[in-house]
Amino acid sequence: MEKAELLYEGKAKKMFATEDKQVIWVEYLDQATALNGVMKDQIQGKGELNNQITSRIFQYLTKKGIDNHFIDILSKTEQLVKKVEVIPLEVVVRNFAAGSFSKRLAVPEGTLLPEPIIEFYYKDDSLDDPFINEAHIAFLELATPAEIQEIKLIALQVNEALQELFAGIGLQLIDFKLEFGRLADGKILLADEISPDTCRLWDSDSHEHMDKDVYRRKIGNLVPVYQEVLARLNNYSF
Ligand code: TMP
């Protein structure tokens, strides 16, 4: 498979066409951003870590019967994925209070939620990715009510599977963000990436942050933390 023209350059990834219209070539970049681009840094090695971590997690989800866009890892920084029509939503699943949830509702970080809570954010940088509900999604025609039900169902299945995976490598899954798309036939498919950029992971024993909060909160160096997450994932057999 050959890499063709650049289709899109995001904050952490470049997407290229291939000779197969249904397949996208993704290159993970060494860039870290936070606060909608207010914080921006080049971090050498981050691209290859997130590419390898995401690939491993999607391979695990496939094994668990959760269909997703991942096709194959090509190199340290590149992977092939199925082309989808992106649904402009960030779907956040929370198991414990943290981050914006804790801030908005004044709930201490680390508080266990009795049930997972699903939230939706409208992916629009000019609006700063606002928090929206299902009525807003219907009004904006981002997804149909049936599609939203399907997305919520898949998000909860992913949560179950990821909690099991991360518990197996000594990490608590505090919260995470998913993105979805539509295949040509309209089927909803899990897409984008799943990595310490898009999950909050706390060490089960020490409760140390093992995710992008290390960067967002200027706690320490991101690379050794992501290396540790990848090493644990690679040692976990599934
Ligand atoms: P939040 O607490 O800042 O709303 O973040 C919830 C989860 O979603 C956390 O695991 C980080 C992830 N996330 C992203 O992946 N991208 C984003 O743009 C934001 C705001 C959060």
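One-based numbering, in listed order, for ligands and for the atoms of each.
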For [atom], what's the nearest protein heavy-atom neighbour? Residue, atom name and distance, please.
atom	result
atom 10 (O) of ligand 1	Asp175 OD1, 2.5 Å
atom 15 (O) of ligand 1	Lys177 CE, 3.0 Å
atom 3 (O) of ligand 1	Arg200 NH2, 3.8 Å
atom 1 (P) of ligand 1	Ser100 OG, 3.4 Å
atom 20 (C) of ligand 1	Glu90 OE1, 4.3 Å

With Leu190 as reference, evaluate Val91, Asn68, Ile151 under the side-chain contact (heavy atoms from CB on, under 4.5 Å) test and give the passing residue. Asn68
Close N or O approach (Arg216, ligand 1; < 3.5 Å): no
Between Asp129 and ligand 1, is there a nitrogen or oxygen pair with a distance under 3.5 Å? no
Only heavy atoms of [X], strictly under 4.0 Å: list the atoms of ligand 1 that pass.
X	value
Gly99	2 (O)
Thr198	10 (O), 12 (C), 15 (O)
Asp197	15 (O)
Arg94	1 (P), 2 (O), 4 (O), 6 (C)
Cys199	10 (O)
Phe176	10 (O)

Under a 4.0 Å threshold between the charged nitrogen and the carboxylate oxygen, would [Y] count as salt-bridged to [X]?
X	Y	result
Arg232	Asp203	yes
Glu193	Lys212	no
Asp211	Arg200	no
Lys11	Asp125	yes
Lys14	Glu27	no

Heavy-atom distance under 4.5 Å between the side chains of Val84 and Leu183, does that happen here? yes
Do Tyr226 and Asp197 touch side chain to side chain, with heavy atoms closer than 4.5 Å? yes
Please check if Val38 and Leu222 belong to a single hydrophobic cluster, counting links between Ile, Leu, Val, Met, Phe, Trp and Tyr side chain heavy atoms closer than 4.5 Å. yes
Does the residue Lys212 have a heavy-atom contact with ligand 1, meaning some pair of atoms that are separated by less than 4.0 Å? no
Determine, using heavy atoms of Ile174 and all atoms of ligand 1, whether some pair is separated by less than 4.0 Å. no
Of the side chain and backbone of Glu119, name the one, both, or neither that has a heavy atom under 4.0 Å from an atom of ligand 1.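 Answer for Glu119: neither.
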Check residues 95-104 and write down every donor-acceptor pair under 3.5 Å in which the side-chain atom is one partner and the other belongs to a residue at least two apart or another chain.
{"from": "Asn95", "atom 1": "OD1", "to": "Asn159", "atom 2": "ND2", "distance (Å)": "2.9"}
{"from": "Asn95", "atom 1": "ND2", "to": "Asn159", "atom 2": "OD1", "distance (Å)": "2.9"}
{"from": "Asn95", "atom 1": "ND2", "to": "Leu173", "atom 2": "O", "distance (Å)": "3.1"}
{"from": "Ser100", "atom 1": "OG", "to": "Arg94", "atom 2": "NH2", "distance (Å)": "3.0"}
{"from": "Ser102", "atom 1": "OG", "to": "Ala98", "atom 2": "N", "distance (Å)": "3.0"}
{"from": "Ser102", "atom 1": "OG", "to": "Val107", "atom 2": "O", "distance (Å)": "2.9"}
{"from": "Arg104", "atom 1": "NH2", "to": "Tyr121", "atom 2": "OH", "distance (Å)": "3.1"}

Going through the distances and angles, do Trp202 and Glu109 end up as a side chain to side chain contact (heavy atoms under 4.5 Å, CB included)? CA-CA 11 Å; Trp202 292 3; Glu109 289 206 311; 4.3 Å; yes
Contact bool for atom 7 (C) of ligand 1 (protein heavy atom, d < 4.0 Å):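 Neighbour list for atom 7 (C) of ligand 1 includes protein heavy atoms (cut-off 4.0 Å).
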